[in-house]
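Read the structure below first, then the notes.
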Amino acid sequence: MAVEEVHEPEYDEQAIRFLEVLWGEGYLSPGGPEEVDRVLAGLDLRGKSGLDIGCGAGGITLHIVRTTEPARMTGFDVELPVIERARGAAEMAGLSGRVDFIQGVPGPLPFPDDSFDFVFSKDALVHVSDKEAVFAQIYRVLKVGGVFAASDWLIGHDNEPSDDMRDYIAAEGLSFGMASARRYISALEQAGFVDVTAESRNAWYREVARGELERLKGPLRAAAVAAVGEAYVEKNIRTWTAMQKVLDSGEHCPTHLRGYKADRLT
């Protein structure tokens with residue numbers, strides 16, 4: 001297991017507060033529990049062991065524990081502030097006995113081979129540039145018959161990003177390593193996954209993000225300013241405005257992903 005270490009977080013306390021105002025307590029990506037349920041649709045996870053990569057503040061991990069009844073869940077993230085928030089949320093929810101939250105350094109996953117029946121991730125692998133390496137790690141920690149089910153933020157092509165996409169990524173100020181669905185599928189298959197699928201969610205998030213921007217400008221603005229200050233809210237209004245352009249063009253393409261390690265998990 002990796003030793004906890006402190007590095008400069010991209011999701012600090014201010015970012016966490018802002019995203020929770022926008023997306024709900026414990027959620028650092030859009031869609032709430034409904035989108036998590038769509039990612040996991042059709043899977044029976046009862047009594048299984050699961051890993052949530054890039055678990056953030058823990059809201060999604062705890063939702064999976066409550067609703068799918070796995071035997072055990074582990075949330076993993078490289079950022080200490082979100083892990084501390086997740087541990088506190090698990091304690092308050094009385095779920096500490098069913099979930100672990102682990103912080104580790106970027107790189108190889110700090111788990112033995114064949115550790116988990118399923119691996120989940122929600123809009124976190126965008127921060128990993130080496131898709132081949134991360135999917136090889138995910139395949140390694142999955143048991144035979146296990147499933148990888150995720151959502152991530154993809155780019156809609158294999159070419160250089162447009163000026164609008166460069167502007168959006170700069171506005172985010174985060175370490176994005178965006179890649180196309182074609183590259184994701186290739187990397188998953190190269191790792192050994194079978195029955196790999198990628199389902200675009202651009203049309204869904206294009207409209208959801210438009211609503212998020214309107215709420216930030218209107219009914220949510222006061223709560224957001226109270227949580228993080230006016231300058232931070234204005235910065236994110238600019239970010240959402242830039243993001244809307246690449247959502248509308250299709251270049252920014254949130255996508256559901258799934259793949260299996262040999263025999264399917266039933």
Side-chain angles (χ1 to χ4, degrees), residues 9-41 50-68 73 75-79 81-83 85-86 89 99 101 103 118-128 131 134 138 148-155 168-169 171-179 181 184 198-213 215-216 220 224 227-228 232 236 239-240 242-244 246-247 252-258:
E10 293 191 344
Y11 293 88
D12 58 14
E13 187 63 31
Q14 189 177 38
I16 295 169
R17 290 198 306 272
F18 172 77
L19 294 175
E20 287 186 332
V21 168
L22 187 61
W23 289 329
E25 185 175 353
Y27 283 80
L28 305 184
S29 66
E34 295 81 10
E35 185 68 357
V36 176
D37 293 344
R38 285 188 284 264
V39 173
L40 296 173
L51 171 65
D52 181 2
I53 296 177
C55 64
I60 289 175
T61 317
L62 298 179
H63 171 73
I64 294 172
V65 169
R66 292 186 184 100
T67 59
T68 70
M73 277 293 292
F76 175 77
D77 207 290
V78 301
E79 304 241 326
V82 296
I83 286 293
R85 178 70 70 93
V99 62
F101 287 104
Q103 186 260 342
F118 67 96
V119 173
F120 173 89
S121 185
K122 178 72 165 62
D123 306 334
L125 299 180
V126 65
H127 299 295
V128 181
K131 308 303 181 188
V134 73
I138 291 170
F148 168 68
S151 172
D152 205 27
W153 285 20
L154 279 60
I155 192 168
Y168 161 60
I169 293 173
E172 283 280 15
L174 301 172
S175 56
F176 275 7
M178 298 182 89
Y184 270 77
E199 176 193 354
S200 172
R201 296 289 288 158
N202 170 272
W204 166 77
Y205 192 50
R206 187 168 66 234
E207 297 310 313
V208 169
R210 202 181 312 280
E212 291 168 350
L213 180 57
R215 287 162 58 217
L216 278 176
L220 223 90
V228 297
Y232 198 85
N236 279 280
T239 300
W240 255 251
M243 178 170 63
Q244 194 67 55
V246 288
L247 283 167
H252 180 8
C253 194
T255 298
H256 287 184
L257 303 154
R258 191 171 292 189

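When a residue number appears, it is its place in the shown sequence, counting from 1.
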Do V36 and F120 have side chains that approach each other closer than 4.5 Å (heavy atoms only, starting at C-beta)? yes
Is the shortest side-chain heavy-atom distance between S29 and L19 below 4.5 Å? no
Could you pull out the closest heavy-atom pair between A57 and L28, with the gap in Å? N-CD1, 3.7 Å
State which residues pass salt bridge (charged side-chain N to carboxylate O under 4.0 Å, His left out) with E13; sequence neighbours excluded, sorted by chain then number. R85
Would you please name every residue forming a side chain to side chain donor-acceptor pair (under 3.5 Å) with T68, sequence neighbours left out? none
Apply salt bridge (charged side-chain N to carboxylate O under 4.0 Å, His left out) to E207 and list each qualifying residue two or more places apart in sequence or on a separate chain. R210
Considering residues at least two apart in sequence or located in another chain, which fulfil the salt bridge (charged side-chain N to carboxylate O under 4.0 Å, His left out) criterion with E212? none
Going by salt bridge (charged side-chain N to carboxylate O under 4.0 Å, His left out), name the residues that satisfy it together with R38, two or more places apart in sequence or in a different chain. E35
Within-4.5 Å side-chain heavy-atom neighbours: F76 and T61: no
Smallest separation among heavy atoms of M73 and D52, with atom names: CE-CB, 4.0 Å
Closest heavy-atom pair, P81 versus Y11, reported as atoms and distance to 0.1 Å, is CB-O, 3.9 Å
Stepwise side-chain contact (heavy atoms from CB on, under 4.5 Å) check, I138 with L125: CA-CA 11 Å; I138 291 170; L125 299 180; 4.2 Å; yes
Ring geometry between F176 and H127 (parallel below 30°, tilted from 30 to 60°, perpendicular above 60°): tilted
N236 side chain to T239 backbone, donor-acceptor under 3.5 Å: no
Contacts of type side-chain contact (heavy atoms from CB on, under 4.5 Å), residue T255, not counting sequence neighbours: L154, A198, C253, L257
Examine distances only and state if a side-chain atom of Q103 and a backbone atom of I83 form a donor-acceptor pair shorter than 3.5 Å. no
Could you tell me which residues satisfy side-chain contact (heavy atoms from CB on, under 4.5 Å) with L247, sequence neighbours excluded, listed by chain and number? N202, Y205, R206, A209, M243, Q244, H252, P254
Output all residues satisfying side chain to side chain donor-acceptor pair (under 3.5 Å) with D77, sequence neighbours left out; order by chain, then residue number. none
Set of residues satisfying side chain to side chain donor-acceptor pair (under 3.5 Å) with respect to S175, sequence neighbours excluded: E10
Distance-minimising heavy-atom pair for V21 and A227: CG2-CB, 3.8 Å
Partner residues of A150 under the side-chain contact (heavy atoms from CB on, under 4.5 Å) criterion, sequence neighbours left out: S121, F148
Fit a plane to each ring of W23 and W240, take the angle between them on a 0 to 90° scale, and name the class: parallel (under 30°), tilted (30 to 60°) or perpendicular (over 60°). tilted
Does P30 reach the side chain of D123, with side-chain heavy atoms less than 4.5 Å apart? yes
What pair of heavy atoms forms the shortest contact from W153 to Y184, and how long is it? O-OH, 4.3 Å
Stepwise, does the side-chain contact (heavy atoms from CB on, under 4.5 Å) test hold for M178 with I169? CA-CA 10 Å; M178 298 182 89; I169 293 173; 4.1 Å; yes
Least distance between heavy atoms, R258 atom then L40 atom: NH2-C, 3.6 Å
For H63, ring-ring contact (aromatic ring centres under 6.0 Å, His included) partners two or more places apart: none
Run the ring-ring contact (aromatic ring centres under 6.0 Å, His included) test against Y27 and tell me which residues pass, sequence neighbours left out. none
Examine the side chains of K122 and S151 and answer whether a donor and an acceptor come within less than 3.5 Å of each other. no
